[in-house]
Asks: 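Once you've had a glance at the structure underneath, I'll fire off some questions.
Being a predicted model, the structure only gives us computed values, none of them experimental. Scope of the values below: all heavy atoms of this structure, side chains included, with no hydrogens, waters or symmetry mates.
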Amino acid sequence: MPLLLIGCTSAAEEHPEINSTMARESARTPPPVSAIPKIDSANDKSLPLDPYLVNPRQLSTINKAYAKSISLCMARFGFAYKPPVEFPGPRDSDAPVTRIDGRYGHQNARLMMKWGYHPEGGVLASQSSSEASTRKISPDMVVAGRGSSDPRKAFGPGGQIINGKTVPHHGCMGEAVKELAGSVDGALYDPQIAIDVKLKTLNEAQQDDRTKAAFAKWSQCMKVRGFTYKDPLAAGGDPEWRKTSEPTAHELKVATADAACRHKNNVVGIWYAVDSSYQEKVIASNAKAMARVKTDLESKMRAAMRVLAK
C-alpha cells in the first residue's frame with residue numbers, strides 16, 4: 001500500500017437532519033422555473049450549489065496544502081518526503097471554473113466537432129511515475145505517514161516513537177487532514193452531505209418532465225440524423241468512445257449531430273434552468289446544514305492558505 005492516499009472521509013453524521021429532509025422530499029412537487037435561457041453551454045454560468053462545493057482552484061490549493069503539511073510533518077521525524085499528489089488533470093478550454101463538473105456533458109460545438117466526446121487533445125498517455133512514488137520508502141516512513149505498519153489498514157492510531165518523536169493519530173496524513181479539515185476524520189474535499197445534494201439534484205433535474213421533454217425532442221432530432229440515443233448522456237457515455245485515445249470518424253459525426261440537436265431544442269438552457277431550481281430548493285430546505293457546509297469550506301480554505309504560507 002502506498003504511503004500517501006488522498007481522499008475524503010464522510011461527514012454525513014455531522015448533519016443528520018439533511019438526510020431526513022431529503023427523504024421527505026421524495027414525494028416532491030417540481031419547483032417552478034422563473035426563466036429559461038437560450039444557451040448552448042452553461043459552463044460559464046454559476047449554479048446555486050457552486051459556493052458549497054470545492055471548485056478547481058480550491059481543489060488545487062487544498063492538494064498543495066495537504067502535500068506540504070505531510071512533508072513538514074515527515075520532516076519532524078527526519079524524513080525528506082514529497083508526496084506524489086495527483087493534482088487536477090487537464091480540463092477542456094471551456095470547462096467551468098465555479099465547479100469541477102459540467103453536469104450537462106459536452107456542450108461546446110467547436111470542440112465536439114474536433115474531439116467528439118474525448119477530452120480536448122485526446123486521452124493522454126499515462127505519465128511516468130514521479131521520483132517520490134518510485135523512491136524506496138522505509139517501514140518507519142510508512143508508520144510516520146499512516147500511523148500503522150499494517151498493509152491491510154489505510155491508517156492506524158499512531159503512538160509509535162520514531163527518531164524520538166511520537167507519531168500522531170493516522171500519522172502525518174491524519175495530521176494534515178486535521179490541520180485542514182479540523183479533525184483526522186474530516187472531509188478533505190466535499191463532505192458527504194454536499195455530495196449527496198449534488199447527486200440528488202442532478203438526478204432530479206434529469207428526471208424532471210420538462211428536461212425529459214427536451215431530451216425527447218433531442219432524441220428525435222438525432223434519429224433524423226441516423227443516430228439512436230434516448231438522451232445526450234447516453235450519447236456521451238457510449239462505451240464505444242472509450243476504445244480509442246482519439247475520436248473516430250463515427251464519434252465525430254455523432255457528437256456534431258448531438259451539438260446541433262442540443263442547439264435546436266435549447267436542451268442545455270432547459271436542463272440548466274430546471275437544475276438550478278432544484279438546487280435552490282434543496283438549499284432552502286436545508287438552510288442550516290448547507291450554511292455549515294459553506295462555512296466549513298471557507299474555514300478549510302483559510303487553513304490551506306495558512307499551511308502554504310509556512
Asks: Look at the side-chain heavy atoms of Ile, Leu, Val, Met, Phe, Trp and Tyr, link any pair under 4.5 Å apart, and say whether Val267 and Phe227 land in one connected group.
Replies: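 Same cluster: Val267 reaches Phe227 through Ile, Leu, Val, Met, Phe, Trp or Tyr contacts under 4.5 Å.
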
Asks: Say whether, by atom type as modelled, one donor and one acceptor occur between the side chain of Asn286 and the main chain of Ala289 under 3.5 angstrom.
Replies: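 Flag not set: sc Asn286 to bb Ala289 has no pair under 3.5 Å.
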
Asks: Checking Gln58 against Leu297 for the side chain to side chain contact (heavy atoms under 4.5 Å, CB included) test, could you report, in this order, the C-alpha distance in whole Å, the side-chain angles of both residues, the deciding distance, and whether it holds?
Replies: CA-CA 9 Å; Gln58 292 169 329; Leu297 176 56; 4.0 Å; yes

Asks: Tell me, do Asp185 and His170 make a side-chain contact under 4.5 Å, heavy atoms counted?
Replies: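 Contact flag for Asp185/His170 side chains = yes.
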
Asks: Is there side-chain contact between His106 and Leu111, with heavy atoms separated by less than 4.5 Å?
Replies: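 Counting from C-beta outward, His106 and Leu111 never come under 4.5 Å.
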
Asks: Quick check against the 3.5 Å criterion: does Asp231 have a side-chain atom that pairs as donor or acceptor with the backbone of Leu233?
Replies: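 Yes, the answer is positive, given that a donor and an acceptor are paired below the 3.5 Å cut-off.
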
Asks: Ignoring hydrogens and geometry, is there a side-chain-to-backbone donor-acceptor pair from Arg146 to Gly171 under 3.5 Å?
Replies: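 Absent.
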
Asks: Starting from Ile137, can I reach Ile162 by hopping between I/L/V/M/F/W/Y residues whose side chains sit under 4.5 Å apart?
Replies: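 Yes, Ile162 connects to Ile137 through the hydrophobic network.
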
Asks: Count I, L, V, M, F, W, Y as connected when their side-chain heavy atoms are under 4.5 Å apart, and connections chain through other members. Are Val33 and Val268 then in the same cluster?
Replies: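 Different clusters: Val33 never reaches Val268 through Ile, Leu, Val, Met, Phe, Trp or Tyr contacts under 4.5 Å.
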
Asks: Determine the minimum heavy-atom distance between Gln279 and Leu49, stating which atoms define it.
Replies: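 Heavy atoms only, the tightest pair is OE1-N, 2.8 Å.
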
Asks: Val167 and Val143: which non-hydrogen atoms are nearest, and at how many Å?
Replies: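 The pair with the smallest heavy-atom distance is CG1-O, 3.5 Å.
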
Asks: Could you tell me whether the side chain of Arg91 and the main chain of Ile100 form a donor-acceptor pair under 3.5 Å?
Replies: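 Yes, Arg91 side chain to Ile100 backbone: donor-acceptor pair under 3.5 Å.
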
Asks: Quick check: do Asp238 and Tyr229 have side-chain heavy atoms less than 4.5 Å from each other?
Replies: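 They are in side-chain contact.
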
Asks: Quick check on Met113: does its CE atom have over 12 non-hydrogen neighbours (other residues, nucleotides or ligands) under 6.0 Å away?
Replies: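 No - once you tally the heavy atoms of other residues, nucleotides and ligands closer than 6.0 Å, there are 12 at most.
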
Asks: Backbone N or O of Ala291 within a donor-acceptor pair of the Thr295 side chain at under 3.5 Å?
Replies: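 Indeed, once roles are kept as given, a pair shorter than 3.5 Å links the two residues.
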
Asks: Can you give me the closest heavy-atom contact between Ser276 and Leu47, atom names plus distance?
Replies: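 Looks like OG-CD2, 3.3 Å.
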
Asks: Would you say Leu188 ends up clustered with Met74 if hydrophobic residues are merged whenever their side chains have heavy atoms under 4.5 Å apart, either directly or through other cluster members?
Replies: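 Same hydrophobic cluster.
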
Asks: Less than 4.5 Å apart, side chain to side chain, heavy atoms only: is that true for Arg262 and Asp40?
Replies: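 A side-chain contact under 4.5 Å is absent here.
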
Asks: Taking Trp241 for the side chain and Ala235 for the main chain, is one N or O donor matched with an acceptor at less than 3.5 Å?
Replies: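 Side chain of Trp241 to backbone of Ala235, a donor-acceptor pair under 3.5 Å: yes, one is there.
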
Asks: I'd like to know whether Lys264 forms a side chain to side chain contact (heavy atoms under 4.5 Å, CB included) with Trp218, so could you lay out the CA-CA distance, the side-chain angles of the two residues, the decisive distance to 0.1 Å, and finally the verdict.
Replies: CA-CA 8 Å; Lys264 179 179 179 181; Trp218 173 93; over 6 Å; no

Asks: Could you measure the distance from the NZ atom of Lys45 to the OG1 atom of Thr98? Nearest 0.5 Å is fine.
Replies: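 Lys45 atom NZ to Thr98 atom OG1 measures 11.0 Å (nearest 0.5 Å).
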
Asks: Salt bridge (Lys or Arg N to Asp or Glu O under 4.0 Å) with Asp275: which of Arg103, Lys198, Lys281?
Replies: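 Testing each of Arg103, Lys198, Lys281 against Asp275, the sole residue satisfying salt bridge (Lys or Arg N to Asp or Glu O under 4.0 Å) is Arg103.
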
Asks: So which heavy atom on Pro96 is nearest to which on Gly102, and how close?
Replies: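 Taking every non-hydrogen atom into account, CG-CA, 4.1 Å.
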
Asks: Using 0.5 Å steps for rounding, measure from the CG atom of Leu202 to the CD atom of Gln207.
Replies: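 It comes to 10.0 Å.
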
Asks: In this structure, would Val254 and Tyr104 fall into the same cluster of hydrophobic residues linked by side-chain contacts under 4.5 Å?
Replies: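 As far as the 4.5 Å side-chain criterion goes, Tyr104 and Val254 are connected within one cluster.
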
Asks: Roughly how far, to the nearest 0.5 Å, is the CG atom of Asp190 from the OH atom of Tyr52?
Replies: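 The CG atom of Asp190 is 13.5 Å from OH of Tyr52, to the nearest 0.5 Å.
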
Asks: What is the distance from atom NZ of Lys178 to atom OG of Ser69, rounded to the nearest 0.5 Å?
Replies: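 These two atoms lie 11.5 Å from each other.
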
Asks: So does Ala42 get a backbone contact from the side chain of Gln107, meaning a donor-acceptor N/O pair under 3.5 Å?
Replies: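 A pair under 3.5 Å: yes.
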
Asks: If you measure from CG on Asp92 to CH2 on Trp115, what distance do you get to the nearest 0.5 Å?
Replies: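 Here the rounded value is 10.0 Å.
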
Asks: Backbone N or O of Arg57 within a donor-acceptor pair of the Ser60 side chain at under 3.5 Å?
Replies: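 Judged by distance alone, no pair lies under 3.5 Å.
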
Asks: A side-chain contact here means heavy atoms from C-beta on lying under 4.5 Å apart; do Glu179 and Tyr66 qualify?
Replies: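 Glu179 does not reach Tyr66 side chain to side chain.
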
Asks: Might you confirm whether atom NE2 of His169 has over 12 heavy atoms from other residues, nucleotides or ligands at distances under 6.0 Å?
Replies: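 More than 12 heavy atoms, drawn from other residues, nucleotides or ligands, come within 6.0 Å of this atom.
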
Asks: For Asn63 and Tyr189, what are the C-alpha separation, side-chain angles and deciding distance, and is it a side chain to side chain donor-acceptor pair (under 3.5 Å)?
Replies: CA-CA 9 Å; Asn63 281 345; Tyr189 305 112; 2.3 Å; yes

Asks: Report the C-alpha separation of Phe77 and Asp140 in whole Å, then their side-chain angles, then the decisive distance to 0.1 Å, and conclude whether the side chain to side chain contact (heavy atoms under 4.5 Å, CB included) test is met.
Replies: CA-CA 9 Å; Phe77 295 94; Asp140 279 352; over 6 Å; no

Asks: Do Pro31 and Glu280 have side chains that approach each other closer than 4.5 Å (heavy atoms only, starting at C-beta)?
Replies: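 Of all side-chain heavy-atom pairs linking Glu280 with Pro31, none is under 4.5 Å.
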
Asks: Are the side chain of Ser71 and the backbone of Tyr81 linked by a donor-acceptor contact shorter than 3.5 Å?
Replies: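 Side chain of Ser71 to backbone of Tyr81: a pair is present.
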
Asks: Any side-chain heavy atom of Glu298 within less than 4.5 Å of one from Lys294?
Replies: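 A side-chain contact under 4.5 Å exists here.
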
Asks: So, for Lys114 and Pro247, which heavy atoms are closest and what is the spacing to 0.1 Å?
Replies: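 Closest heavy-atom pair between Lys114 and Pro247: O-CG, 3.8 Å.
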
Asks: Hey, are the side chains of Thr244 and His118 touching, using non-hydrogen atoms and a 4.5 Å cut-off?
Replies: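 A side-chain contact exists here, since the closest heavy-atom pair is under 4.5 Å.
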
Asks: Nearest heavy-atom pair of Cys172 and Ile70: which atoms, and what distance?
Replies: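 Taking every non-hydrogen atom into account, O-CG1, 3.9 Å.
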
Asks: Kindly compute the distance separating CG (Asp101) from CG (Leu53), expressed to the nearest 0.5 Å.
Replies: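 The CG atom of Asp101 sits 8.0 Å away from the CG atom of Leu53.
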
Asks: Will you find, in the side chains of Asn266 and Tyr272, an N or O donor that is under 3.5 Å from an N or O acceptor?
Replies: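 Tyr272 and Asn266 do not have a side-chain donor-acceptor pair below 3.5 Å.
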
Asks: Side chain to side chain contact (heavy atoms under 4.5 Å, CB included) between Val184 and Phe155: does it pass, once the steps are laid out?
Replies: CA-CA 10 Å; Val184 295; Phe155 304 104; over 6 Å; no

Asks: Within the side chain of Glu251, is there an N or O that forms a donor-acceptor pair under 3.5 Å with the backbone of Tyr117?
Replies: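 Answer holds: yes.
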
Asks: Inspect the contact between Asp296 and Lys300 and indicate whether a charged nitrogen and a carboxylate oxygen are less than 4.0 angstrom apart.
Replies: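 Looking at Lys300 and Asp296, the cut-off is not met.
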
